[in-house]
Amino acid sequence: MADERKAFWERIASMPSAAEISAMEAIFDWLKATDDDAERRALWAWARAKAGGKSFRRWCFKVEGIHPQTGRRRKDRALQRISDHLAGKRDLHDETREIRLLHHTHEISDVSATITEDAGERDSLNSWIADGAFAKILSSEHDDFSWAAKRNEMRRQREAQRRKQAA
């Protein structure tokens, strides 16, 4: 019985304290700010290397199969995302401020359907107005009606009336 009690108290003494658990939860919250798994792994490997584990260069070559410069870039991006997460979003639309690599997605992905090659040649409805909205209702011999000509005629009649009244 004495051995069991001793083992119980030794186990409780070796368990992490509330402050240590809080610190670990904060670290995991920071890591959740990095969405990319490759960036997160690079950050973990770099941190282990700084704490005295396997060299970061060796980890890049052997485990990930990447160049150490790529590993450092991934680590830097992860640190930048964590820094932005902790500081709040200072620049609303500047999510790639420090990422100096080419984008692998379209910059304007939401309008790709309107700028495709056949955008102006579709058979489907491309406008809110119906196709027959401007169809002629009455067909007669005066199909070449023009509002400009009608206005010019009305202007000439008014001017003729003014001249008649002035004389």
Between R163 and E159, does the side-chain contact (heavy atoms from CB on, under 4.5 Å) criterion hold? Intermediate values first, please.
CA-CA 6 Å; R163 275 187 253 129; E159 288 175 2; 3.8 Å; yes
Less than 4.5 Å apart, side chain to side chain, heavy atoms only: is that true for Q69 and R73?
yes
Do W46 and R72 have side chains that get closer than 4.5 Å, going by heavy atoms?
no
Can you tell whether the side chains of D3 and K6 come within less than 4.0 Å, N to carboxylate O?
no
Going hydrophobic residue to hydrophobic residue with side-chain gaps under 4.5 angstrom, can you get from F56 over to F61?
no
Identify the heavy atoms of V63 and K54 that sit nearest to each other, and give their distance.
CG2-NZ, 3.7 Å
Please work out which of the three classes, parallel, tilted or perpendicular, describes the rings of F28 and W44, given edges at 30° and 60°.
tilted
Heavy-atom distance under 4.5 Å between the side chains of L79 and T34, does that happen here?
no
Identify the heavy atoms of W59 and R48 that sit nearest to each other, and give their distance.
NE1-NH2, 4.0 Å
When you look at D84 and Q80, which way does the side-chain contact (heavy atoms from CB on, under 4.5 Å) test go after all the steps?
CA-CA 6 Å; D84 289 345; Q80 184 63 46; 3.0 Å; yes
Test your reading of the model: is there a side-chain donor-acceptor pair from S22 to the backbone of A18, 3.5 Å cut-off?
yes
Between CD of E153 and NZ of K150, what distance do you get to the nearest 0.5 Å?
7.5 Å
If I compare all heavy atoms of R57 with all of P68, which pair ends up nearest, and what's the gap?
CG-CG, 3.7 Å
To the nearest 0.5 Å, what is the distance between CG (D35) and CZ (R77)?
12.5 Å
Looking at E64 and R74, is there a salt bridge between them, counting it only when a charged N and a carboxylate O are closer than 4.0 Å?
yes
Applying the 4.5 Å side-chain criterion to the ILVMFWY set and letting contacts propagate, would I21 and I27 be lumped into a single cluster?
no
For the residue pair R81 and E39, establish whether any side-chain heavy-atom pair is separated by less than 4.5 Å.
yes
Suppose we screen for side-chain contact (heavy atoms from CB on, under 4.5 Å). Which residues come up paired with D37, at least two apart in sequence or across chains?
R40, R41
Specify the closest pair of heavy atoms between G71 and A42, including all atoms of both residues, with the distance to one decimal.
O-CB, 3.7 Å
